[in-house]
Amino acid sequence: MRTPLGVHCPHYYEDFQRDRNLQECRLINHQYAGGAWQVKDCFNCSVPKILQANGSLYLILEAKISRGGFLWFKRKVCVTAYCAKHKLKIEDAYIGCTNCASEFRESLQILDL
């Protein structure tokens, strides 16, 4: 679904049909992370960019709202990525799991591509 920013995010949901007024981020709300999600959090969220850059089937994302800046007024979405296949934390979510990448390169060498 398209976020208020205009990018596609599979975790964002909105429903305005039949007098409903529902907007939620299902990645943050279902994990009961510290801090309630607000619509303006979509504007500084990196999840859509990560999913566009990394198409791994084994990518698991976790997100939470953290506060920082002057007097804790600035809200930030912190995203952590994990590989479900190798059960390890991914350092750079945009690149993905290094073990999955090396396995993919080995499979390409076997096929002589």
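Note: the hydrophobic cluster containing Leu61 also contains Tyr12 (ILVMFWY, side chain heavy atoms under 4.5 Å, direct or indirect links). Clustering ILVMFWY residues whenever any of their side-chain heavy atoms sit less than 4.5 angstrom apart, transitively, puts Leu51 in the very cluster that holds Met1. A single hydrophobic cluster is not seen to contain both Ile60 and Val77; linkage of ILVMFWY side chains at heavy-atom distances under 4.5 Å, directly or through other members, places them apart.
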Pair Arg26-Glu24, salt bridge (Lys or Arg N to Asp or Glu O under 4.0 Å): steps then yes or no: CA-CA 6 Å; Arg26 292 183 172 174; Glu24 66 181 2; 2.9 Å; yes
Verdict with reasoning, Glu62 to Val79, per side chain to side chain contact (heavy atoms under 4.5 Å, CB included): CA-CA 6 Å; Glu62 291 181 0; Val79 179; over 6 Å; no
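Within the 4.5 Å cutoff, the side chain of Tyr13 has no heavy atoms near those of the Gln23 side chain. Within the 4.5 Å cutoff, no side-chain heavy atoms of Asn21 are placed close to those of Asp15. Side-chain contact between Leu59 and Ile90: present, with at least one pair of heavy atoms (C-beta onward) separated by less than 4.5 Å. By the 4.5 Å heavy-atom criterion applied to side chains, Asn54 and Tyr94 are not counted as neighbours. Here the side chains of Cys42 and Cys9 are not in contact, with every heavy-atom distance at 4.5 Å or above.
For Tyr58, the OH atom sits in a loose shell: 12 or fewer heavy atoms of surrounding residues, nucleotides or ligands are nearer than 6.0 Å. Residue Gln52 qualifies as open at atom CD: its count of foreign heavy atoms under 6.0 Å is 12 or below.
Ionic pairing of Glu14 and Arg2 is not present here: no N-O contact between side-chain nitrogen and carboxylate oxygen is shorter than 4.0 angstrom.
To the nearest 0.5 Å, atoms SG (Cys100) and NE2 (His86) are separated by 4.5 Å. Within the model, atoms SG of Cys45 and NZ of Lys40 stand 15.0 Å from one another, a figure rounded to the nearest 0.5 Å. Here CD of Glu91 is found 9.0 Å from OG1 of Thr98. Values are rounded to the nearest 0.5 Å. Taking CZ from Arg75 and OG from Ser66, the interatomic distance works out to 9.0 Å, rounded to the nearest 0.5 Å. Between Arg105 atom CZ and Glu103 atom CD the span is 10.5 Å, to the nearest 0.5 Å.
Between His8 and Pro48, the shortest heavy-atom contact is O-CB, 3.6 Å.
Remark: side-chain polar atoms of Lys49 are not paired, donor with acceptor, to backbone N or O of Ser46 under 3.5 angstrom. Formation of a donor-acceptor pair under 3.5 Å by the Asp41 side chain with backbone atoms of Ile65 is not found in this model.
Alongside Leu5, the hydrophobic cluster contains Val7, Phe43 (criterion: ILVMFWY side chains under 4.5 Å).
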